[in-house]
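Let me begin by presenting the structure, written as structure tokens, before commenting on it.
Counting convention: from 1, in listed order, for ligands and their atoms alike. Quick note: numbers below take in every heavy atom, side chains included, and nothing from hydrogens, waters or symmetry partners.
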Amino acid sequence: MHFTDLGLCAEILRSISEQGYDTPTPIQAQAIPLVLEGRDLMAAAQTGTGKTAGFTLPILQLLSTRDAGLSLKRFKSRALILVPTRELAVQVHDSVRTYGKHLGLKAAAIYGGVGMAPQTRSLRAGVDIIVATPGRLLDHIEQRSADLSGIEILVLDEADRMLDMGFIRDIRKVIALLPKQKQTLLFSATFSDEIRGLVAGLLKNPASVEVARRNAPAEAVAQSVYHVDRERKRDLLIQLIDNHGWHQVLVFTRTKHGADALSERLGKAGIKAAALHGNKSQGQRQRALDDFKRLKVTVLVATDIAARGIDIDELPHVVNYELPHVAEDYVHRIGRTGRAGSSGEAISLVCVDEHRLLRDIERLLKKDIEKRTVEGFEPDPRIRPEPIQNGRGGGARSSQPRGAAPSGQRKPQRAAPGGKPAARSGGQRQGAGYYSGAR
Ligand code: AMP
């Protein structure tokens, strides 16, 4: 199957080939013809499947070929794409611009954390496509800078995440302002009763497409666990990065404080690192992401919420510096790598406090993750588990292991002889596929 088989116009095909893509991913092959037919859609597709182009391409085509109607409709927006996060708004907006490069359509990204004025100006100048987070869009509606009365197509992207993040009321408010007659496309990794409730009556005779099993991690991601003491994770991470010459690593911590502290320590060890979390300004977050994408920083240390929807082509390594409290978040995290056909590696540094979390994750995955230890970093059996006090967004934990040698007693083994990771059993790459486990 080629993109040319999907009924897309020459201008769009041109921008697709400029991106270097010739084969549609499974979600694209299924969704594009249905959207072009004007069908409503319920798509179970996770980040990494190519879903963004799955809705962006046909929307661009529909808007560019369909009569825009009377001149009074000219400055009304015609498509609305609701997304959970600022980063995703920027990414989807980028996709709209990339794929719509040879068409005359205008788009705007509307999200919080930045000034209203530039967004107001672009909305008032007239845009065909609005990519927005729900809260900021409502602010613009209140200020009468966004007019949704001409919306022909609505996309709810990552609907499950939007509900997780508490946007249900905002979404309902926005939907109430849209014309009844419209095409609605719903993309979600999971379909909870809450989502079904939200879209009941909104979707008309929807076509269903599904490309990834719920909570199925990417087949292209090689996963492993390194058992290590909590106080030695940092040194092990530094050694892994140095020994393997990793150039682009996304590292997850549970807390903002943890992300800042780790990023600082990596910097001191001579590894270029930046932190990405909710306390950073929008400008700082975007800069960190851009620097990471351009390989100006080697390590991006992120919290779960901040990393949602991050899209980096062929990100090779994800490290769980701390396991997430919620097993599903593990799947989301490792879905940042091994996307759209490229292979990736996900490593978790697991200390004695986290054994229960690891069991939860393995239960969810329905398989055991390969375990490794690195010479010189073997866990000290005398160290007893401590409760993990720092929940999402919580403070720092105490740094002294109870009933164990104080952390300073074991010297960091950064360049210890023989300090290489244990031999890897089996192939690291487990085939490639388009499927990603990220939501
Ligand atoms: P998404 O699931 O929309 O976040 O897309 C994941 C990644 O796949 C993005 O980096 C896209 O640039 C890439 N991608 C989208 N469509 C294709 C395609 N047909 N072939 C190869 N890569 C693609």
Side-chain angles (χ1 to χ4, degrees), residues 1-8 12-33 35 41 43-61 81-101 109 131 155-162 185-190 209-213 216-221 248 250 289-290 292-295 307-316 318 331-344 432-439:
M1 158 94 59
H2 285 277
F3 274 111
T4 43
D5 302 325
L6 294 175
L8 294 165
I12 294 178
L13 289 174
R14 199 171 136 204
S15 35
I16 294 171
S17 76
E18 283 166 2
Q19 285 304 295
Y21 305 149
D22 57 358
T23 314
T25 65
I27 185 72
Q28 292 163 0
Q30 292 180 57
I32 291 171
V35 179
L41 196 67
Q46 306 174 327
T47 298
T49 54
K51 68 179 169 61
T52 313
F55 60 78
T56 306
L57 297 172
I59 289 175
L60 286 165
Q61 167 123 342
I81 302 168
L82 286 181
V83 297
T85 62
R86 303 154 183 189
E87 283 78 12
L88 198 57
V90 171
Q91 277 170 205
V92 172
H93 180 243
D94 282 349
S95 288
V96 169
R97 291 217 314 215
T98 303
Y99 298 124
K101 202 161 116 195
V131 185
V155 180
L156 299 174
D157 190 19
E158 307 211 350
D160 50 348
R161 288 286 152 197
M162 289 203 279
L185 315 176
L186 173 77
F187 286 80
S188 192
T190 56
V209 297
E210 184 168 355
V211 295
R213 210 159 27 89
E219 280 179 31
V221 179
Q248 198 181 34
L250 178 60
L289 204 51
D290 288 346
F292 185 56
K293 283 186 181 181
R294 294 201 196 103
L295 306 179
R308 258 167 209 165
I310 286 182
D311 174 25
I312 295 152
D313 277 339
E314 302 185 9
L315 175 64
V318 167
V331 181
H332 299 149
R333 288 176 175 190
I334 72 164
R336 314 289 84 203
T337 179
R339 307 174 76 185
S342 66
S343 52
Y434 287 111
Y435 304 139
S436 149
R439 67 195 89 138

Worksheet item: What do you reckon, does G50 have a nitrogen or oxygen under 3.5 Å from a nitrogen or oxygen of ligand 1?
Response: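 Indeed, backbone or side chain, G50 has an N or O that close.
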Worksheet item: For K51 and ligand 1, does the shortest N/O to N/O distance drop below 3.5 Å?
Response: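 Between K51 and ligand 1, an N or O pair is found under 3.5 Å apart.
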Fill in: All pairs passing salt bridge (Lys or Arg N to Asp or Glu O under 4.0 Å) where residues 88-100 contributes a residue, at least two apart
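Pairs touching residues 88-100 that pass the test: none.
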Worksheet item: Who passes ring-ring contact (aromatic ring centres under 6.0 Å, His included) against Y99, sequence neighbours left out?
Response: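 Expected list: none.
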Can you sort out which atoms of ligand 1 are near [X], meaning under 4.0 Å from one of its heavy atoms?
X: T25; result: 17 (C), 18 (C), 19 (N)
X: T52; result: 1 (P), 3 (O), 4 (O)
X: F3; result: 19 (N)
X: T23; result: 18 (C), 19 (N), 20 (N)

Worksheet entry | The one among F187, Y21, Y99 that brings a heavy atom closest to atom 20 (N) of ligand 1 |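 Comparing heavy atoms across F187, Y21, Y99, the nearest one to atom 20 (N) of ligand 1 lies in Y21.
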Worksheet item: For D160, does its backbone N or O pair with a side-chain atom of S188 as donor and acceptor, under 3.5 Å?
Response: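 Indeed, once roles are kept as given, a pair shorter than 3.5 Å links the two residues.
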Worksheet entry | Closest contact, heavy atoms only, E87 versus L289 |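 In this case the closest contact between E87 and L289 is CG-CD2, 3.9 Å.
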Worksheet item: Does ligand 1 have a heavy atom under 4.0 Å from the side chain of Q28, from its backbone, from both, or from neither?
Response: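 The side chain, only.
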